[in-house]
Amino acid sequence: DIYGDGIQKKKLISKIKKRGLQKNFKFKGIIKNENYLRNLKNYDVGLALYNSKETHNFYCDPVKIREYMAAKLIIITTNIPEISKYIQQKKIGYVIKENDKSGLNKILNQISSKKLRFNIKKNYEKLKLTLDWFDLFDNNMNKVKKILNDK
């Protein structure tokens, strides 16, 4: 399932048709974010590929990847955003080099294994992810308060 309606849609449709894969891909279009987030739990894998042409990708903290983490999806991303190191370290997904088509194909074949998907889900259980904005804010404000009180 592909969500959104960006400038690459026509190119993607053309490539899918060229390979006779129309039955394997569904374009969901633009939907409300709350519906998108609700749908994430129905998937096993979240694909978030970035390129180096847009320099902000090196320093971003992609919301899409955080949403995938909240849904405990197997994340496949490129080595561009900083969070890719965390994904590799915690073994909750895979990181490929930018434009590495063969690497992406290899990973997609590997994740068809139920055992592998199970192991990645187990790795999520080891993490103490705090992805709620209010929890993050309170936690960090308490740290600032402690620092200020210690001075």
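Just so it is clear, the values below take in all heavy atoms, side chains as well, and ignore hydrogens, waters and symmetry mates. As the structure is a prediction and not an experimental result, all values here were calculated from the model.
When atom types are taken as modelled, the side chain of N51 and the backbone of E54 share a donor-acceptor pair closer than 3.5 angstrom. Of the possible polar contacts, one joining the N109 side chain to the N105 backbone as a donor-acceptor pair under 3.5 Å is found. Looking only at distances, a side-chain donor or acceptor of N149 sits under 3.5 Å from a matching main-chain atom of K145. In this structure a side-chain-to-backbone donor-acceptor pair under 3.5 Å is missing from R66 to P62. A donor-acceptor contact shorter than 3.5 Å links the side chain of K41 to the backbone of R38. With hydrogens and angles ignored, the 3.5 Å screen pairs no side-chain donor or acceptor of K28 with any backbone N or O of G4.
Taking CD1 of I120 as the start and NZ of K115 as the end, the distance is 13.0 Å to the nearest 0.5 Å. For the atom pair OH of Y94 and CD1 of I107, the computed distance is 7.0 Å after rounding to the nearest 0.5 Å. Interatomic distance, NZ of K106 versus OG of S102, reported as 8.5 Å (0.5 Å rounding). Atom CG in D61 sits 11.0 Å away from atom OH in Y86 (nearest 0.5 Å). Here the OG atom belonging to S84 is positioned 10.5 Å from the OH atom belonging to Y50, to the nearest 0.5 angstrom. With values rounded to the nearest 0.5 angstrom, I83 atom CD1 is found 12.5 Å from Q88 atom CD.
The local environment of NZ in K9 is crowded, with over 12 non-hydrogen atoms from other residues, nucleotides or ligands closer than 6.0 Å. Heavy-atom contacts from other residues, nucleotides or ligands closer than 6.0 Å to NZ of K91 number 12 or fewer.
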If you apply the rule side chain to side chain contact (heavy atoms under 4.5 Å, CB included), what do you find for F25 with K15, and how did you get there? CA-CA 11 Å; F25 289 87; K15 287 183 178 207; over 6 Å; no
Could you go through the side chain to side chain contact (heavy atoms under 4.5 Å, CB included) check for Q22 and I13 one step at a time? CA-CA 8 Å; Q22 298 91 318; I13 290 171; over 6 Å; no
Take N79 and I96 through the test side chain to side chain contact (heavy atoms under 4.5 Å, CB included) and record every step on the way to the result. CA-CA 6 Å; N79 60 339; I96 60 171; over 6 Å; no
Start with the C-alpha distance between F27 and L12, add both sets of side-chain angles, then the distance that settles side chain to side chain contact (heavy atoms under 4.5 Å, CB included), and finish with yes or no. CA-CA 10 Å; F27 286 86; L12 283 172; 4.0 Å; yes
Let's go through E98 and T78 carefully: what are the C-alpha distance in whole Å and the side-chain angles of both, what is the deciding distance for side chain to side chain donor-acceptor pair (under 3.5 Å) to 0.1 Å, and is it a yes or a no? CA-CA 6 Å; E98 180 181 9; T78 49; over 6 Å; no
Test side chain to side chain donor-acceptor pair (under 3.5 Å) applied to N39 and Y3, step by step: CA-CA 11 Å; N39 288 344; Y3 290 89; 3.2 Å; yes
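Residues L127 and L116 fall within the same hydrophobic cluster, defined by Ile, Leu, Val, Met, Phe, Trp and Tyr side chains chained together at heavy-atom separations under 4.5 Å. In the hydrophobic clustering of ILVMFWY residues, with side-chain heavy atoms under 4.5 Å counting as a link, L49 and V45 come out together. No continuous path of hydrophobic side-chain contacts links Y36 to V63 [ILVMFWY only; heavy atoms under 4.5 Å]. Linking ILVMFWY residues whenever their side-chain heavy atoms come closer than 4.5 Å, directly or via other members, leaves I65 and I2 in distinct clusters. Criterion: ILVMFWY side-chain heavy atoms under 4.5 Å apart, direct or through other members. Under it, L47 and I16 are not part of a common hydrophobic cluster.
Side-chain atoms of L37 and E34, non-hydrogen and from C-beta on, never get closer than 4.5 Å to each other. You'll find the side chain of N123 stays beyond 4.5 Å of the side chain of K90, heavy atoms only.
Of all the heavy atoms in D100 and G103, the pair that sits closest is OD1-N, 2.9 Å. Contact detail for I111 and L108: the closest heavy-atom pair is CG1-O, 3.4 Å. Nearest approach of S112 to R117, heavy atoms of both residues: O-NH1, 3.1 Å. Taking every heavy atom of both residues into account, A48 and T77 meet most closely at O-OG1, 2.6 Å.
With salt bridges taken as basic N to acidic carboxylate O contacts below 4.0 Å, one links K122 and E125.
For K85, the side-chain hydrogen bond (donor to acceptor under 3.5 Å, both in side chains) partners are E82, not counting sequence neighbours.
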